[in-house]
Amino acid sequence: MADTFIKAEQLSEKQSEYMKLIAEIMEIRKRGEKPLAFIRTYGCQQNVADSEKIKGMLAQAGFDFADSPDDADFILFNTCAVREHAEDRVFGNVGALKNLKRRHPQILIALCGCMMEQEHIANCIYNSFPFVGLVFGTHSLHHFPELLYSALVDGKRVFERGNDDKKIYEGFPVRRDGNFKGWLPIMYGCNNFCTYCIVPYVRGRERSREKDIILSEAHNMITAGFKDITLLGQNVNSYGKTLEHPVTFAELIREIDEIDGDYWLRFMTSHPKDCSKELIDAIANGTHISKHLHLPFQSGSDRILKAMNRHYDRKKYLETIAYAKEKIDGLSLTSDIIVGFPGETYEDFKQTLSLIREVEFTSLFTFIFSPRKGTPAEKFDDPVSAEEKGKWFQELLDVQEEIAAKRCASMVGQQERVLIEGVKEKTGELNARTSGNIIVELQGDRSLVGSFQNVKITKARNWILKGELI
Ligand code: SAH
Ligand code: SF4
Ligand code: F3S
């Protein structure tokens with residue numbers, strides 16, 4: 001393991017100096033008023049967690065946060081590259097800022113995140129969006145203050161991407177969005193290179209944070225009153241391989257689980273090839289670990305799984321699921337699926353349908369294949385029309401709706417412990433979630449938000465449950 005061992009570095013003192021300098025400059029520019037930042041985050045929780053670090057740094061540099069770009073001195077979009085649709089949304093929303101910049105030339109517009117790690121995108125932004133003053137990729141977070149300082153002070157456009165993808169930095173000031181539900185990144189990057197996926201190219205190689213740092217962060221979150229903590233990684237259950245003293249993911253969650261307190265521990269996203277019996281046993285025997293496994297299978301056809309480079313087959317996946325169902329009482333399963341991978345036939349697709357009928361997932365995240373520049377699958381022959389793929393996609397949704405409805409209906413009459421997450425503005429009802437990640441709506445006072453409550457499930461409407469406080 002020695003050759004892959006990656007040791008963390010601390011955020012440098014220099015960056016703290018830059019944060020102070022920015023605070024001073026902005027104080028003069030704003031004549032003592034607090035500068036405002038507007039951050040919009042696209043994509044997965046990894047990006048949300050990165051934005052929380054950026055917000056932490058901005059807060060140290062004297063910024064407050066605005067709810068709308070119109071009021072902000074600094075606007076940042078943290079972007080996602082996983083599908084074309086995600087990228088199109090970013091382009092559309094950046095284009096819409098052009099007029100704002102014309103009216104307020106002093107504002108700084110910036111883009112960061114996964115899209116910006118792609119050379120062709122950064123070039124396109126450089127050439128077509130001259131009002132964007134700062135662009136940086138996922139590997140540049142550790143010197144964001146320095147980049148921001150250059151863009152603010154020098155008045156030149158600052159573009160940076162693609163350094164340090166084998167490093168880990170610690171010591172970020174994190175400003176979490178919530179106070180009872182929070183993200184805890186435990187590893188970064190991915191080594192799997194599924195043939196359709198852009199993530200390994202924009203997030204770099206897999207690297208894990210030190211176990212002790214994670215334990216202390218988890219401890220701090222629990223002490224601060226967090227009730228729902230999700231450990232994050234693109235391939236979370238491969239955790240620990242790049243450490244000086246390798247640890248398994250199961251060992252990590254067992255140790256976190258020993259921390260006293262009333263909280264749920266979740267994790268995302270697990271890869272079926274790394275879903276060991278040790279991990280399933282840890283979930284089954286855990287005190288705080290939620291009885292939920294998000295285990296993306298992508299396709300039910302072995303031929304397609306091979307073309308996707310997923311390193312498991314249908315049989316292996318179903319064996320893992322069977323073991324998990326046997327060991328974990330009340331297990332809730334969710335998954336990701338890609339429809340219309342290049343070369344997929346209707347026969348292949350039917351195997352995906354049969355797999356979801358067999359497993360009975362609580363819910364699914366379903367996507368139509370989107371070719372990503374620079375990935376192997378971009379060049380695969382893809383003879384099936386978009387229209388045909390759309391029909392298969394709808395068929396998948398219909399089948400899943402039927403399964404989810406049946407599964408939810410079977411919960412009516414049961415008692416469940418839920419975490420109250422918020423209030424539905426339209427109806428005034430409370431929104432809650434079970435340990436299995438199923439949504440429950442119920443009547444109650446908004447002061448209950450952020451607390452665990454016991455509810456009786458009274459009704460099932462498709463995949464949403466209705467409940468009553470006990
Ligand atoms: N690391 C996680 C999640 C990766 S991205 C994992 O391996 O499961 C989240 C989901 O987006 C993937 O599981 C996959 O279903 C989907 N996805 C990724 N690339 C895609 C593409 N090019 N087209 C369509 N869906 C894609
Ligand atoms: Fe992408 Fe595959 Fe890595 Fe997930 S495991 S991030 S799908 S390459
Ligand atoms: Fe998107 Fe990057 Fe996450 S591509 S899905 S934001 S890792």
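Throughout, residue positions are numbered sequentially from 1 according to the sequence presented. In each ligand, atom 1 is the first atom listed, and ligand 1 is the first ligand listed. These numbers come from the heavy atoms of this one structure, side chains and all, not from hydrogens, waters or symmetry mates.
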Minimum distance, heavy atoms only, to atom 24 (C) of ligand 1: which one of Asn235, Thr375, Ile368 is it?
Ile368
Which heavy atom of Tyr239 sits nearest to which heavy atom of Glu210, and what is that distance?
OH-C, 3.7 Å
Any atoms of ligand 3 less than 4.0 Å from a non-hydrogen atom of Gln234? List them with their elements.
3 (Fe), 7 (S)
If the cut-off is 4.0 Å to any non-hydrogen atom of Tyr196, which atoms of ligand 2 fall inside it?
7 (S)
I'd like to check which ligand 3 atoms, numbered from 1 as shown, lie under 4.0 Å from a non-hydrogen atom of Asn47.
6 (S)
With a 4.0 Å heavy-atom cut-off (strictly under), which part of Pro200 contacts ligand 2: side chain, backbone, both or neither?
side chain
Determine whether Tyr323 and Asp281 make a side-chain contact, defined as any pair of heavy atoms from C-beta on separated by less than 4.5 Å.
yes
Return the closest protein heavy atom for atom 4 (S) of ligand 3 as residue, atom name and distance.
Ala81 N, 3.2 Å
Which atoms from ligand 2 have a heavy atom of Cys190 less than 4.0 Å away?
3 (Fe), 5 (S), 6 (S), 8 (S)
Cys114: numbered ligand 3 atoms lying under 4.0 Å from its heavy atoms:
2 (Fe), 4 (S), 6 (S), 7 (S)
If you count the atoms of ligand 1 from 1 in the order shown, which ones are under 4.0 Å from a heavy atom of Pro296?
8 (O)
Shortest non-hydrogen pair, Arg303 vs Gly343, comes out as NH2-O, 2.8 Å
Nearest non-hydrogen partners of Cys80 and Cys114, listed with the distance:
CA-CB, 4.4 Å
From atom 2 (Fe) of ligand 3 out to just under 2.8 Å, does an N/O/S atom of Cys44 turn up?
no
Against ligand 3, does Gln46 come closer than 4.0 Å with any heavy atom?
no
If you count every heavy atom of other residues, nucleotides or ligands that lies below 6.0 Å from Asp329 atom CG, does the total exceed 12?
no
Those atoms of ligand 2 less than 4.0 Å from some heavy atom in Val199
6 (S)
Atoms in ligand 3 with a heavy atom of Cys80 nearer than 4.0 Å
1 (Fe), 4 (S), 5 (S), 6 (S)
Does the plane of the ring in Phe131 sit parallel, tilted or perpendicular to the ring in Phe129? Use 30° and 60° as the thresholds.
perpendicular
I'd like the name of whichever of Leu295, Asp336, Val82, Ile338 reaches closest to atom 12 (C) of ligand 1 through any heavy atom.
Asp336
Per-atom contacts of ligand 2 with Gln234, taking only distances under 4.0 Å to non-hydrogen atoms
6 (S)
Does Lys53 make a cation-pi contact with Phe172, if we ask for NZ or CZ under 6.0 Å from the ring centre and within 45° of the axis?
yes
Counting from 1, what ligand 1 atoms have a heavy atom of Phe369 closer than 4.0 Å?
23 (N), 24 (C)
Is it the case that atom CZ in Phe193 sees more than 12 heavy atoms from other parts of the structure closer than 6.0 Å?
yes
Enumerate the atoms of ligand 2 whose separation from the nearest heavy atom of His271 is less than 4.0 angstrom.
5 (S)
Heavy-atom contacts with Arg83 under 4.0 Å: which atoms of ligand 1 show up? List them by number with element.
11 (O), 16 (C), 17 (N), 23 (N), 24 (C), 25 (N), 26 (C)
Minimal non-hydrogen separation, Arg314 against Leu305, with atom names:
N-CD1, 3.9 Å
Determine, using heavy atoms of Arg310 and all atoms of ligand 1, whether some pair is separated by less than 4.0 Å.
yes
Would Lys373 and Glu119 count as a salt bridge (charged side-chain N to carboxylate O under 4.0 Å, His left out) here? Give the steps.
CA-CA 10 Å; Lys373 197 172 164 69; Glu119 194 175 359; over 6 Å; no
Quick one: nearest non-hydrogen protein atom to atom 4 (C) of ligand 1, plus distance?
Gln234 OE1, 3.8 Å
At a non-hydrogen distance cut-off of under 4.0 Å, which region of Met115 contacts ligand 3 (side chain, backbone, both, or neither)?
neither
Just checking Asp88: does its CG atom have more than 12 heavy atoms from other residues, nucleotides or ligands closer to it than 6.0 angstrom?
yes
Tell me, which protein residue and heavy-atom name are nearest atom 8 (S) of ligand 2, and how many Å apart are they?
Cys194 N, 3.3 Å
Output, in order, the C-alpha distance, side-chain angles, deciding distance and verdict of salt bridge (charged side-chain N to carboxylate O under 4.0 Å, His left out) for Arg266 and Asp228.
CA-CA 7 Å; Arg266 305 180 183 277; Asp228 187 315; 3.2 Å; yes
Looking only at distances, please establish whether an N/O atom of ligand 1 is found under 3.5 Å from an N/O atom of Gln298.
yes
Sub-4.0 Å atoms of ligand 2 with respect to non-hydrogen atoms of Phe193:
8 (S)
Residue and atom name of the nearest protein heavy atom (relative to atom 1 (Fe) of ligand 2), distance in Å to one decimal
Cys197 SG, 2.3 Å
Counting N and O atoms only, with roles assigned by atom type, does the side chain of Glu255 sit under 3.5 Å from a partner on the main chain of Glu251, one being a donor and the other an acceptor?
no
Show, in sequence, the C-alpha distance, side-chain angles and deciding distance for Phe369 and Tyr196, and conclude whether the ring-ring contact (aromatic ring centres under 6.0 Å, His included) test is met.
CA-CA 8 Å; Phe369 170 74; Tyr196 50 82; 7.5 Å; no
Kindly indicate, with the supporting measurements, whether the criterion side chain to side chain donor-acceptor pair (under 3.5 Å) is fulfilled by Ser332 and His292.
CA-CA 5 Å; Ser332 160; His292 171 213; 4.8 Å; no
Quick one, Leu396 and Leu353 - any side-chain contact, counting heavy atoms below 4.5 Å?
yes
Check this for me - ligand 1, Arg372, N or O atoms closer than 3.5 angstrom, yes or no?
no
Is Asn192 in contact with ligand 1, taking contact as a heavy-atom separation below 4.0 Å?
no
Any N or O of Thr269 that comes nearer than 3.5 Å to an N or O of ligand 1?
no
Could you identify the single nearest non-hydrogen protein atom to atom 19 (N) of ligand 1 and state the distance to 0.1 Å?
Tyr196 CD1, 3.3 Å
If you measure every N or O of Ser370 against every N or O of ligand 1, does any of those distances drop under 3.5 Å?
yes
Measuring from non-hydrogen atoms of Arg310 to any atom of ligand 2, is the shortest distance under 4.0 Å?
yes
Arg89 charged N/C atom sitting above Tyr42 aromatic ring, 6.0 Å / 45°
no
Among protein heavy atoms, which lies nearest atom 5 (S) of ligand 2, and at what distance?
Asn192 ND2, 3.3 Å
Please assess Lys406 against Glu360 for the test salt bridge (charged side-chain N to carboxylate O under 4.0 Å, His left out), listing each intermediate value before the final yes or no.
CA-CA 9 Å; Lys406 190 173 117 198; Glu360 298 196 321; 2.7 Å; yes
